Amino acid sequence: MAGPTGAVAQRPAAGAGGGSGYGATLSLLATLFFMWGFITVINGTLLPHLRSVFDLNYTQTTLIESVWFIAYFVASIPSAMLIERIGYKRSIVTGLIVMAAGAVLMVPASMIPSYSVVLAALFIIAAGITLLQVAANPYVAVIGSPETSSSRLNLVQAFNSMGTTLAPLFGGYLILGRSTSGTAAAGAVLTPAERLADAQSVQLPYLIVAAVLVVLAVVIARFRLPDINAAQRHSRAERRGHSLWRHPNLVFGIPAIFIYLIAEIGVGNLFINFVSAPEIGNLTHEQASHYLFLLWGGMMVGRFLGSLLMQRIPAERVLAAFSIGALAVMLVATFATGPVAMWALISVGLFHSIMFPTIFTLGIRGLGPLTEEGSGLLIMAIAGGALVIVQGWLADAYGLQTSFLLTAACELYVLFYAVYGSRTAPEAAAG
């Protein structure tokens, strides 16, 4: 997923008014979006590497990413409880430290090497990111004037996309470029010594990530952030007597987020194996990682393009057009071969770009005092990325290329949501 946004507050908190003196705070928060986008997409280069090191089938490979997204489901409610107890600033710092601990755990995991310890390390990193998602996102909405909250959210999403765009280059150079499996031809068999050396190649990049996270935690711990706890308590009191389930745009939006994540994560995680195949791109994993850079770069470009289009065209119409485009290129990627199939899969990043933020925005539209609670449910729906293991099973059973029919089916549901499911309740539309 490339760059999910979280809960959006509907009013400024105390001390977070409409002045212009929050640029430094916003810049600091943008680094969080960059880091969790960066770390999440490193998995795109890590997974084919681990597949070679541990001789995994596609089901076992996608299980790694499933564990990552299960953390969103498991850690979201404890994260909210922790924020309630220690506040937002300390929770952000805690999330960064948890992420750093998981990154450091990758060192002993690579020394053993152990598939189980790798899964545990990635789960810990993802749990830390979940805490950041729940804690950091409200700040983006309340810093500065309410009228410019959408502009601020788009800005930090751009930084998130920058992280997802740069991560494949980082992982391709420091992981795939320094390993035998990353530079060998597709299907090459590694010796036990080569497997051990390849496993240890992840140590340097994850130590670098851990060091950056610790430095960022120290900076935020010493930085003064506005207190939004009072505003959040006021919002919870207002929710009494209202029901989320009377809003079809949210009811259909939760599965839309869940299903979309299956598509995005499946494409990102199986991309390198797909374009490396002899009948598609016939590339090494290191070479394929450079094309993964184009996939995520397309998502960054698409977000800027979508933002411009939505100034003149209703968001649901733009979402419908992008979902039709995504469906078309996924069918080409499934049934074509050679460069045509490869570039079709690369181009899906452009069409996926607006899907999460647009579904999220349409999902909370008209919720009023229920916005925060609805936002929380949409965040939990990110756990849909865990079902990428279904695509792994399909790839093992029917072939990697055929498994992308699942992605095409996901695009169909997004189209349904854009055309029908995003309609708001009559009372919300009237308000």
Side-chain angles (χ1 to χ4, degrees), residues 1-2 40-74 114-123 125-126 181 186-187 189 254-281 285 288 292 295 326-327 329-337 341-342 344-345 348-349 352 355-356 380-414:
M1 135 282 343
T40 299
V41 175
I42 282 181
N43 286 359
T45 53
L46 183 65
L47 294 191
H49 173 75
L50 294 178
R51 187 170 187 267
S52 298
V53 168
F54 294 112
D55 194 22
L56 307 176
N57 59 31
Y58 284 116
T59 303
Q60 292 169 316
T61 303
T62 49
L63 176 61
I64 296 172
E65 192 70 10
S66 294
V67 166
W68 180 273
F69 281 94
I70 286 170
Y72 276 94
F73 184 81
V74 172
S114 169
Y115 175 66
S116 300
V117 179
V118 167
L119 292 180
L122 292 176
F123 181 88
I125 296 172
S181 63
V189 179
I254 293 170
I257 291 289
F258 190 93
I259 290 169
Y260 163 68
L261 259 295
I262 299 174
E264 179 188 308
I265 302 307
V267 169
N269 288 350
L270 297 175
F271 179 90
I272 288 179
N273 289 112
F274 179 80
V275 303
S276 298
E279 68 275 15
I280 304 298
H285 286 172
L292 183 60
L295 174 78
L327 174 62
V329 297
M330 286 313 306
L331 290 176
V332 172
T334 302
F335 295 108
T337 57
M342 182 179 77
L345 192 64
V348 80
H352 277 172
M355 288 189 180
F356 184 93
M380 289 190 70
I382 295 172
L387 287 189
V388 69
I389 192 173
V390 175
Q391 186 168 357
W393 176 82
L394 290 173
D396 287 328
Y398 303 103
L400 177 58
Q401 194 166 10
T402 303
S403 74
F404 283 110
L405 285 174
L406 175 63
T407 310
C410 294
E411 317 295 2
L412 278 176
Y413 185 86
V414 175

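Just so it is clear, the structure is predicted and the values come from calculations on it, not from any experiment.
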Below 4.5 Å, heavy atoms only, C-beta onward: do [X] and [Y] meet side chain to side chain?
{"X": "Gln391", "Y": "Asn269", "result": "no"}
{"X": "Val390", "Y": "Ile262", "result": "no"}
{"X": "Ile259", "Y": "Val414", "result": "no"}
{"X": "Phe69", "Y": "Leu387", "result": "no"}

Could you report the tightest heavy-atom contact between [X] and [Y], atom names first, then the distance?
{"X": "Leu122", "Y": "Trp68", "result": "O-CE3, 3.4 Å"}
{"X": "Ala344", "Y": "Val332", "result": "CB-CG1, 3.7 Å"}
{"X": "Met355", "Y": "Ala326", "result": "CE-CB, 3.9 Å"}
{"X": "Val388", "Y": "Gly266", "result": "CG2-CA, 3.4 Å"}
{"X": "Val348", "Y": "Leu345", "result": "CG1-O, 3.0 Å"}
{"X": "Gly385", "Y": "Leu261", "result": "N-CB, 3.6 Å"}

For residues 404-413, which residue pairs pass the side chain to side chain donor-acceptor pair (under 3.5 Å) check, not counting sequence neighbours?
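Non-adjacent pairs meeting side chain to side chain donor-acceptor pair (under 3.5 Å): His352-Glu411.
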
Partner set under side chain to side chain contact (heavy atoms under 4.5 Å, CB included) for [X], not counting sequence neighbours:
{"X": "Thr337", "value": "none"}
{"X": "Leu405", "value": "Leu331, Thr334, Phe335, Thr402"}
{"X": "Ala395", "value": "Tyr58, Leu400, Ser403"}
{"X": "Val74", "value": "Ile70, Phe123"}

Interatomic spacing from CE in Met380 to CD1 in Ile254 - rounded to 0.5 Å:
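Here the rounded value is 9.5 Å.
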
Interatomic distance, Leu270 atom CG to Ile265 atom CD1 [nearest 0.5 angstrom]:
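Result: 10.5 Å between the selected atoms.
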
Can you tell me if CZ on Phe73 sees more than 12 non-hydrogen neighbours from other groups inside 6.0 Å?
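Atom CZ in Phe73 is not crowded, with 12 or fewer foreign heavy atoms closer than 6.0 Å.
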
Taking only residues two or more places apart in sequence or in another chain, which ones pass side-chain hydrogen bond (donor to acceptor under 3.5 Å, both in side chains) with Asn57?
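In terms of side-chain hydrogen bond (donor to acceptor under 3.5 Å, both in side chains), with neighbours along the sequence ignored, Asn57 is linked to no residue.
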
Set of residues satisfying ring-ring contact (aromatic ring centres under 6.0 Å, His included) with respect to Phe274, sequence neighbours excluded:
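Phe274: ring-ring contact (aromatic ring centres under 6.0 Å, His included) contacts with Phe404.
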
